[in-house]
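What follows is a single structure, written as structure tokens, with notes after it.
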Amino acid sequence: MDLLITYDVATDTAAGRRRLRHAAKICLDFGQRVQKSVFECSVNEMQYELLKDRLLSCIDPGKDSLRFYRIPERKEGYVEHYGVDDSVDFEGPLVI
């Protein structure tokens, strides 16, 4: 399944800044950053549950926000992108 994950972490304390870095590292384990706090991930159901559990244990629900968007079709059918695009096509060849 394709996911779009977004989060907003309160960074007014050192603990908040640690949560922000930790959330980014977790998301990078499963996908790629497309904006500062926005990640595209392609995972199976088991990976999705693991990703969700790890992120939920990382954030402070009283201060932070986390959203998971399940994308119902292939990325090419719903994404329009303009400007610099450093994304990786994991379905295509990784070495040319």
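- Looking at residues two or more places apart in sequence or on another chain, you find a side chain to side chain contact (heavy atoms under 4.5 Å, CB included) between E45 and M1, Y48, E49, R70.
- Among all heavy-atom pairs drawn from S37 and L20, the shortest one is OG-CD1, 4.3 Å.
- The closest side-chain heavy-atom distance from V43 to L3 is below 4.5 Å.
- When all heavy atoms of V9 and G16 are compared, the closest pair comes out as CG1-O, 3.4 Å.
- Put simply, CZ on F68 and OG1 on T6 are 9.0 Å apart, with the number rounded to the nearest 0.5 Å.
- Summarising the geometry, atom CD belonging to Q47 is positioned 9.5 Å from atom SG belonging to C41; distances are rounded to the nearest 0.5 Å.
- Every pair tested for ring-ring contact (aromatic ring centres under 6.0 Å, His included) that includes a residue from residues 9-33 fails, sequence neighbours excluded, so the list is empty.
- Put simply, CZ on R33 and CD on E40 are 13.0 Å apart, with the number rounded to the nearest 0.5 Å.
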Donor-acceptor contacts under 3.5 Å from residues 53-62 side chains, at least two apart:
from, atom 1, to, atom 2, distance (Å)
R54, NH1, D29, OD2, 3.3
R54, NH2, D29, OD2, 2.9
S57, OG, D53, O, 3.3
S57, OG, R54, O, 2.9
D60, OD1, G62, N, 2.9

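- Within the structure, side chain to side chain donor-acceptor pair (under 3.5 Å) pairs that include any residue of residues 7-18 do not occur (at least two apart or interchain).
- The minimum heavy-atom distance between S42 and D2, with the atom names listed, is OG-OD1, 3.1 Å.
- Residues satisfying the salt bridge (charged side-chain N to carboxylate O under 4.0 Å, His left out) test with K25, not counting sequence neighbours, are none.
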(request) Just do the side-chain contact (heavy atoms from CB on, under 4.5 Å) check on F39 and V34 with the steps written out, would you? (result) CA-CA 5 Å; F39 291 79; V34 293; 5.9 Å; no
